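The sequence lines fix the lettering, A, B, ..., with proteins before strands; numbering per chain opens at 1. This one's a predicted model, so the numbers in the text were calculated from it and none came from an experiment.
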Amino acid sequence: AGMTEQASQEEKPLSVLVYITGVVAGSPPYTALAEGANQFAAEHPNVKVKIYEAGFNQAEWEEQLTSLVATGEYDIVLGSNPSLPEIAVRVGSKFPKQKFVITDAFLEGNSQIRTYLYNQYEQSLYLGYLAGLVTVSDMPYANKALKVGFIAAQEYPLLNKHMVPGFLAGARMINPAIELDFRVVGNWFDANKAADLASSMRAAGVDVFAVIAGGAAQGLFRVAQQQGAYIVYHNDNEYKAAPSHVVGCGSMEQRKLVMEVLSDVLSGSVAYGTASIVGVKEGYLGFHFDDPAYVRNLPQDIRDKFEAFMQEVREGRVSYTLPPL
Amino acid sequence: MNALLHSAVAIMTPLLLAAMGGLFTELSGMLNIALEGLMLMGAFSSIVFTYLSGSMIWGVLLGIVATMLLATLLAVVTLNLKSNVFITGLATNLLASGLTIVLSFRLFGNKGVVVFDRIGSLPRWDIPLVSDIPVLGAMISGHSPFVYLSWVLLALSSWVLYKTPFGLRLRAAGLHEKTLVSLGLSPSAYRFIAFLVSAFACAIAGAVLTLNLGAFVPNITSGKGWIALVVIFLGQKKPLGLLGASLVFGFADAFSNYAQGAWNVPADFILAIPYLFTLLAMVIVSIHADWKERIKR
Amino acid sequence: MSDTAVTMHDIVKTYRETGRCANDHVDLTVGRGEILCLAGENGAGKTTLMKVLYGMEKPESGTITVMGKRVKIDSPLDANRLGIGMVHQHFMLVDEYTVAQNVILGREPMHNRFTIDADAAKRLVDEVIHAHGFSIDPSARVGSLTVGQKQQVEIVKMLYRDVDILILDEPTAVLTEQETASLFGTLRTLRDTGKSLILITHKLHEIKAISDRVAIMRQGRMVGHYETASVDERELAGLMMGKSFSPAIGKTPYGRKQETVLRFAQVSVVRRNQGRPMLKDVSFVARTGEILGFAGVGGNGLGELESVLAGTLPISGGTITHRGQDISKSDAHRLRERGLAYVPSDRLKVGSALEASVSENLIIAARKRFSRHGMMRGKHIMQHARTLIDTYSVQGTADMPIGTLSGGNIQKVILAREIAQYRDYIVFSEPTWGLDIASSKFVHTQMIALRDAGASVLLLSSNLDEILSLSDRVLIFSRGSIVAELEGERLHTVTKEEMGAYMLGMHVREAAHE
Amino acid sequence: MNDRMDRRWKRFLGVPRSALGSLVILFIALAAVFLLSFLLSKTPARTLRYFFIGPLQNTYYLGNMLNTSIPLIFSALGVSLAMRAGSFNLGGEGQLYGGAFIATVSAVAMAGWGIAGVICAIVLGAVTGGVMAAFSGYLRMKWQTNELITTFLLSNAVSLVVGYLIAGPFMDPATNLIATRKIPESFRFSRILEPSNLSSALVMALVMTVVVHLYLYRTKSGYELRMYGLNPRFARYGGINSGSYLVLPMFLSGALYGLGGAMAIFGTYYACMKDFSVGMGWNALAVALIARFRPVAIIPAALFFAYIESGARNAMLHSDVTFEIASIVQSVVFFLVTSSVLQRIGTKRERG
Ligand SMILES: Nc1ncnc2c1ncn2[C@@H]1O[C@H](COP(=O)(O)OP(=O)(O)OP(=O)(O)O)[C@@H](O)[C@H]1O
Ligand SMILES: Nc1ncnc2c1ncn2[C@@H]1O[C@H](COP(=O)(O)OP(=O)(O)OP(=O)(O)O)[C@@H](O)[C@H]1O
Ligand SMILES: [Mg+2]
Ligand SMILES: [Mg+2]
């Protein structure tokens, strides 16, 4: 059956707008979004993709999206941002035929919009768990202090309500006494400030870091390598950024999701109006176990404990309450 | 405390360098707001050239050249086409932020962070005797060569400004343009050079930012050029003043980094500390200067 | 080789901005070792002609010959190379620099390839200063000098560049009698060492006193060159103004009863950062119907007195009363409301906003009168401007930027404004600086008219002739305090030499004798 | 020559002369854009079409272009007022942001008040901006503290604090945007060119321009302000209360920035979003400089700016131009736009 479907689709042309609420560079989710779409286009000759970077100013997102949709050139708009659905609702109301698929967001009941929300609380939870294992361990750069760190470029709801609490909760599953040192760079570029923050945090006893800081994360990688500290990274494989210091990378299967979504679009089987929360169980969040750096950097026992925990998460046996956004 | 002072010195260095460059244009009678853009250009070009040439020295030197090219454009448009220096400054900043990204895309096929694995971390120099002194040692020893270079350059620039004919004439251009004209000297010639000097200093300031990371991050300067401008005024346009002023800001910034961990206050408030602190310093300095001028009552 | 130092032939210079022909086919010759005076009314084109010779203005046509050689002078550097130097009408000095720095600027003695030799600079400048008997300290900050001393710095600057041909554009305008005398001494010795000097001045007796020949310009044209000996002051005046003209002004002694308007009691001014008071226990009264003259050598407090009278300089001690009311703490705003009228010495930096139009400049102090409910009354303002422009025969229109007028006309505008708004007292500081004889006479007649109308007129001037010919009473300042008061008979018998002595503070010994 | 003649002469020669000069610059700038798009774009023809025609191609783009010029006009008026008084207000961004924030939250708070609420909210917004700037003016009056720097520093600090307030206490729980609650429907300015965002705020911008012009050139206070700006010593000599003209113009300047912010909210965004003002301060400064601080000239300058802005935006939307390329193009335009040499080329032509 799959074969015949494929064949029938090749006829149907499809033009896709990938609407980036920011810039692709330096953001794993957006990069995956763009690459996923491009790859799909590469595999399907009659699929056209335009990647549009709308910049960081939220105030300008709606106007630009409207302009793009108004051209009527795009069969489908792909985006990835919690705030995109409400914009899509307003734009959609002006252009009733336009369809949107938005990841990293949650909105039910609008017949033009399909959303997928990654369970970032979950990812932060198991990354926090790993961080907890490391900080209490006797690994070379680990210290006695029960302290893990989190460096963010700026504060925003998903970060404050899911990622940071999840990360701390995960760490505390190892030892309830573990503290979180959370600091903010103030922008997505000032890597040197991030570096200063990192070393100041390290001096304060932090030995494992999580980071959501775009380009500024570079500062953390540098400090980790120079002064010795561990990093758990969200959403992407970044072991290479600090080869012997990044001890774990969460994975977010944005690319996979995008390609599935697009083939659904081709086959017309997208369930508009519905929203799904996708996590480890569904296979859209995970962990980069396969990287040699992971094996090299973490001792056997920690890996065993962590993989056991991941197994529980996968089977949904870890209980937690997902805070409302 | 020692760590605080140490990182204060590290933070102040790019500011000091950029301010130093800005001092030349300022004294020649122009408000140079292009420091930000020149710094960014320097940050990008110097690390790229370091990567290409495999030598940090060459990288910085070539970076300086590239930045001076941008400054030449700025100078020609401002002085020869007689455009408003403020707008051309804004334009330079805009151009630099666009150009660096375009170039990085053309060169490395990447608009985002460009990591140069080949580039090791900067050496840290321990100053033999100084490092033993209690507080001061921790403060000024064990920094990257750029820190000490910046001090050498500061001494050099104060020598140039106050001991050489060039300096005497440059400052005259800022103080009383007509005097130079009446002597047949061209103020804009000295301003042109001043632009190049600030490009030179800003290039190094930028190099500090990128070489310290071994990577280029778009907009890595993130406003430091503007702070450099503040430093010039807070430092009352005197080399030593710049040193003090940049240290003030460096310390405030280092402190805010530390405070984020120590205090339970919204991060944004703490991020505002350096600005408010500098503002306070600005006021205090002006009160003092003003008091001396007053008529006895 | 001829004995003429400079020949300018058929010079034409038109200013693009104003489209005005400042030099209209002008010829000029200067002999070697002679002092040539260049005279003419305000706006005649003297400065322009000299700027052409000094390479600061490019003429459309004309030729210049220096020491018998046809030359092209494109910049002051060329001029210096040809041995031509110029001292400008408005100082070309960096106030923040020391005398030495100002002098060597552009021709710095070097220590090595890069460094200025500061000591050599001081030494060389000091040599020049002593060689010509000047009295300035090479390491003093120019900003702290008096106008007279600044003048000397300008001259030293040129002598340091050892020029053979020295242009001085109205050097005496801001100088006191003594300063002028010593300047002339210098100029003569310079001439005797074979240098040629071109001196621009508006003062007839100075022309007679110093020059060998005089060249006279009128409305951009050269009227002619004359042997100074062969023309007397009246003829000179006639040549300048193009009609017979007598600089003398009629002044009748004043009769009516006088009442006190302004009273200073023990007023002193001390700046925090300097020890010696700038004004010390100054006490005097100014009465209606008299012109009260203040004389003093630059740097002795007249500047401060001016600022205090203007309300721009707070006093440290003593009291000032106006019509019996204490105004010690009143600022310019209050004083204006009380009817202060004031013609400042620095007409460009204080007396006017150069980019603003003449009409706007005319209402600064009387703006209330020209606004209703906070709105300006454009028609009235224009009307007002036109009437004043006519009555004071200002060459210019109401909506021209005042900066485009010539010095004389700017002063007329200021005068018109202040006289129009005065109520019972009016302050004149250096009212005839740089004005031609006609304008000066005009100013003086106005002052007398005011006095006769019952005004209390305060005249601060470094020009003794002005003081003596106009004042009913004279106060002499030295070191910030009044050292002598001259009135009635004494005022007519006193000699300039005596005045000079007073100004240098001689009275102390005199008083001891009596 | 008498005044009337003279004024005629100005009107008939002066105006077209300077206008022609500007045209020359415009031409050169656009030529530069032409060149660049051939260098940087794979589809130059398309790029150019959208860059130049784009902003005008339909009411939607036209309206949005006009709309972007609204806050620019207000803010540029703000810059100019300070400049005319000889003060440099470099803190526009924070004043605009702060003003917009206060206006928004107070509008939300006064939802019930109807038209009075609108006015109160907007006034509060203006006052907020004004007070921020006036503070720097006060420091200068009191101790000659350099206002250029203090405005800048204060603005940066305030922006951070406002950012916190928006993302924290005042954040609208109903949205995932980082923004305050929306102002009540009844408070919002009417759209005057559907489907574009253009709102009746445009009218207010034009009115405000006239008001500022009248203030500067027809009122006593405006006269005093200009005289003080031209020559403070002269103003003081003339008995103008110099202290107040260090503070008042700064207040008005900041207030106009605040108004600009409020207009952006009430006319376009309806809620104060985090960092929505980024760049507006600088753009306003550019506009004011292009207009040489002449209120009436600000309107064409702002339109020109908005045109370049949305031209670049259009090229991004419909061609292969990316934002960094767009910013390069804009920078080239700014490099040339104030050149007095190029200006003169125009005037010379006009003469000969
Ligand atoms: N820079 C200038 N731009 C335009 N017009 C000028 C300029 N300088 C002088 N003028 C005009 O040229 C004419 C001659 O000016 P100039 O200064 O040479 O006269 P002057 O003889 O020096 O008068 P004064 O005795 O007042 O100094 C005047 O009408 C003056 O208004
Ligand atoms: N280049 C100049 N052109 C016009 N006016 C000047 C110039 N320099 C100084 N003045 C004014 O001339 C007046 C006389 O000042 P001067 O320095 O000659 O001695 P002073 O009257 O005793 O003042 P002070 O005591 O401050 O030196 C002052 O009011 C000053 O403002
Ligand atoms: Mg630990
Ligand atoms: Mg003259």
Side-chain angles (χ1 to χ4, degrees), chain B residues 31 33 37 73-74 76-78 80-105 111 218 223 226-227 229-230 232-234 266-280 282-291 293, chain D residues 25 28 40 88 90 94 135-136 139-140 142-146 148-169 279 282-283 285-290 292 322-344:
Chain B
L31 181 63
I33 64 157
L73 173 67
L74 171 62
V76 168
V77 176
T78 311
N80 301 31
L81 292 187
K82 295 203 176 16
S83 297
N84 176 294
V85 67
F86 208 98
I87 284 216
T88 54
L90 288 175
T92 308
N93 297 340
L94 206 57
L95 181 61
S97 67
L99 203 56
T100 48
I101 297 178
V102 169
L103 288 176
S104 107
F105 187 68
K111 288 183 185 176
W226 291 98
I227 301 303
L229 202 63
V230 173
I232 294 173
F233 283 86
L234 179 58
D268 287 314
F269 287 7
I270 295 177
L271 289 171
I273 288 179
Y275 300 115
L276 295 172
F277 192 77
T278 315
L279 179 60
L280 184 69
M282 194 85 200
V283 174
I284 292 170
V285 168
S286 55
I287 291 179
H288 176 71
D290 179 63
W291 184 87
E293 283 310 305
Chain D
I25 287 178
I28 296 173
L40 298 172
F88 209 140
L90 208 52
F135 175 72
S136 297
L139 290 180
R140 178 170 171 204
K142 208 98 179 63
W143 302 295
Q144 287 81 45
T145 318
N146 183 310
L148 177 110
I149 299 304
T150 54
T151 46
F152 174 75
L153 288 170
L154 193 62
S155 149
N156 281 13
V158 168
S159 300
L160 283 161
V161 173
V162 171
Y164 161 76
L165 294 174
I166 293 178
W282 299 127
N283 299 348
L285 223 120
V287 170
L289 285 160
I290 294 170
R292 299 213 176 78
T322 50
F323 73 93
E324 60 271 12
I325 291 179
S327 60
I328 291 180
V329 173
Q330 286 185 4
S331 70
V332 171
V333 175
F334 292 160
F335 268 126
L336 301 171
V337 73
T338 57
S339 163
S340 52
V341 171
L342 300 183
Q343 272 275 353
R344 217 171 297 127

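Looking at B:Thr92, the atoms closer than 4.5 Å to chain D (heavy atoms on both sides) sit in the backbone and in the side chain alike. Neither the backbone nor the side chain of D:Ser159 comes within contact range of chain B, judged by heavy atoms closer than 4.5 Å. For D:Leu285, the part lying near chain B is the side chain, with the backbone staying farther off; criterion is any non-hydrogen pair under 4.5 Å.
The CG atom of D:Leu90 sits 8.0 Å away from atom CG of B:Leu229, with the distance rounded to the nearest 0.5 Å. Between the OH atom of B:Tyr275 and the CZ atom of D:Phe152 there is a distance of 6.5 Å, given to the nearest 0.5 Å. For the atom pair CD1 (D:Ile325) and CZ (B:Phe105), the distance works out to 9.0 Å, reported to the nearest 0.5 Å. Distance CG/B:Leu31 to CG/D:Leu148: 5.5 Å, rounded to 0.5 Å. Within the model, atoms CD1 of B:Ile287 and OG1 of D:Thr145 stand 7.0 Å from one another, a figure rounded to the nearest 0.5 Å. Atom-to-atom distance recorded for D:Ile328:CD1 and B:Ser97:OG is 8.0 Å, nearest 0.5 angstrom.
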Quiz item: Given D:Leu139 and B:Met282, is the side chain to side chain contact (heavy atoms under 4.5 Å, CB included) satisfied, shown in steps?
Solution: CA-CA 10 Å; D:Leu139 290 180; B:Met282 194 85 200; over 6 Å; no

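Contacts with chain B were tallied for D:Val332, D:Leu154, D:Ile149; D:Ile149 has the most, counting heavy-atom pairs under 4.5 Å. Chosen from D:Tyr164, D:Phe323, D:Phe334, the residue pairing most often with chain B at heavy-atom distances under 4.5 Å is D:Tyr164. Note on B:Asn84, B:Ile101, B:Ile87, B:Val77: by heavy-atom pairs under 4.5 Å with chain D, the leading option is B:Ile87. Contacts with chain D were tallied for B:Val102, B:Val285, B:Leu94; B:Leu94 has the most, counting heavy-atom pairs under 4.5 Å. Taking chain D as the reference chain and counting heavy-atom pairs below 4.5 Å, the highest number among B:Val283, B:Leu276, B:Asn93 is found for B:Val283.
Between the D:Ser339 side chain and the B:Leu81 main chain, a donor and an acceptor come within less than 3.5 Å of each other.
Atom CZ of B:Phe86 is surrounded by more than 12 heavy atoms from other residues, nucleotides or ligands within 6.0 Å.
Between B:Asp268 and D:Gly163, the shortest heavy-atom distance links the atoms OD2-C, 4.3 Å.
In this structure, D:Gln330 and B:Leu95 have side chains that are not in contact, with every pair of non-hydrogen atoms separated by 4.5 Å or more.
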